[in-house]
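In what follows, a single structure is set out as structure tokens and then discussed.
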There are 2 protein chains.
Amino acid sequence: MKEKTDRRVKYTKALLKEALVELLKERHISKISVTALCEAADVNRSTFYAHYTDQFDLLRQVEGEVIANLKSFLEQYVDDRMPITEQNLKGILEYAKSNADLFMVLLGENCDHAFHYDLMELVKLIPFQYNAKESQKEYLLTFAITGCISVLYKWLVEGRKETPEEMANLVLKVIYNGLLSF
Amino acid sequence: MKEKTDRRVKYTKALLKEALVELLKERHISKISVTALCEAADVNRSTFYAHYTDQFDLLRQVEGEVIANLKSFLEQYVDDRMPITEQNLKGILEYAKSNADLFMVLLGENCDHAFHYDLMELVKLIPFQYNAKESQKEYLLTFAITGCISVLYKWLVEGRKETPEEMANLVLKVIYNGLLSF
DNA sequence: ATTATAATAAACACATTGTTGGAATTCAAC
DNA sequence: GTTGAATTCCAACAATGTGTTTATTATAAT
């Protein structure tokens, strides 16, 4: 599977990834030219094109890494038959917290929606417990997951003052019991 | 306030707006060059630059229009002291429905997050009814509004099979009472 | 009908793009 | 260590888009 034998390739990609994240803190992905990226990473432009087609391609690959990590992380905790618990939601939050910089950038306004969608698809794998007409289920799931991610993002951006446990509690409570339960 | 005296300007802007929406159905705003835009609208590139600085500027102005319309639309129905009702949520949905093409594009993956944020700010003006610790309120509001918008978007994209009334019901129910109430 | 304003057309220097061929370097593997 | 292979660097290229300018044509307002 993993055949990143050559250290040079790994190093180049790491440099470019680092440069990308840094530049994404300041401007939108579409405003980051390949030239600027290579300058920031101190990598030759030809070398960039040997690995990626453009800046979006690089971004997608970085996103893919995060999603893959998170996925294998989740697979340890999620059981198909057990609905979501505070435990595995807390797990996601802890993972996000330990990769806060990356998550903030990828979920932020300087990236496209791809990571958000991928993250949604991932969270959909965690079963929720609810009874509703089949026609309503998709809407309810969308509602819950989107709300969940936006709260996660807000929590990250504003400095992670609450513990992952507190946040997991808050989110599960509002998902299952709504605003009136507060 | 409104001094769009010259019909030529109005016409040019209308052409460009139409062309923009059309192109946004196919590709991301960052991949739409001013040149392509002018070609599609059959407007001279110099003319474009007389009105806008770039394609993002045009997009922002189109977004601004929609937000302004929606705002004045909402001001008829929203009372500061009355919490959100099925009535005014239904109003938003009807407005979105009658501008479905535009809303889908602006909320879709080919635009930036600006419209989404503006829409959130707008919906925040509608009071929600809930009691929670001050520290939690912002999270809960974010959760509710983001979920709300994502459901609206899904409804639009999937052909608006439900009536605005049904959707307003669904959304208010899940916001206030949660998944378990279904 | 006159005047003002807007749109057009053509040209410009500049930046980024994506690709090339060859030289220099670094790696891995023996 | 030496060698063969892979990777990176460098310089150059045509192509495309950018943002601005100038003069000319067309249209609106009164």
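Throughout, protein chains are lettered first and strands after them, A, B, ... in sequence-line order, and every chain is numbered starting at 1. Predicted, not measured: the structure shown is a model, and the values here were computed from it.
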Consider the side chain of B:Asn44, meaning its heavy atoms from C-beta on, and name the nucleotide among C:dA9, C:dA7, C:dG18 that approaches it most closely. C:dA9
Euclidean distance, atom CZ of residue A:Arg45 to atom P of C:dT17 [Å, nearest integer]: 7 Å
Walk along DNA chain D from 5' to 3' and tell me the first and last nucleotide with an atom closer than 4.0 Å to a non-hydrogen atom of chain B. D:dG17 to D:dA29
Using a heavy-atom cut-off of under 4.0 Å over every strand shown, decide if B:Thr47 touches base, sugar-phosphate, or nothing. base
Given the ring of A:Phe182, does B:Lys133 sit roughly above its face, with NZ or CZ under 6.0 Å from the centre of the six-membered ring and within 45° of the axis? no
Winner on side-chain proximity to A:Arg8, out of C:dT26, C:dG18, C:dA6, is C:dT26
Whether over 12 other heavy atoms sit under 6.0 Å from B:Glu39 CD: no
I'd like to know if B:Ser46 reaches the base of C:dA9 with its side chain such that a donor and an acceptor end up less than 3.5 angstrom apart. yes
Do the non-hydrogen side-chain atoms of B:Leu24 and B:Leu59 ever get within less than 4.5 Å of each other? yes
Pick from A:Tyr153, A:Phe143, A:Trp155: which one makes a ring pair (Phe, Tyr, Trp, His ring centres under 6.0 Å) with B:Phe143? A:Phe143
What is the separation between atom CG on B:Leu16 and atom C1' on C:dA7, rounded to the nearest whole Å? 12 Å
Give the rounded distance in Å between these two atoms: OH of B:Tyr49 and P of C:dT8. 15 Å
Expressed in angstrom and rounded to an integer, what is the separation of B:Asp54 atom CG from C:dA15 atom C1'? 16 Å
Does either side chain, that of A:Tyr139 or that of B:Glu162, offer a donor lying less than 3.5 Å from an acceptor on the other one? yes
Are the charged groups of B:Glu86 and B:Lys90 less than 4.0 angstrom apart, N to O? no
Please report, rounded to the nearest Å, how far the P atom of C:dA7 is from the CG atom of B:Asp6. 7 Å
From OH of B:Tyr52 across to P of C:dA7 the rounded distance in Å is 10 Å
Value in whole Å for how far the P atom of C:dA9 lies from CD of B:Glu39: 12 Å
Within a radius of less than 6.0 Å around CD of A:Glu18, do more than 12 heavy atoms belonging to other residues, nucleotides or ligands occur? no
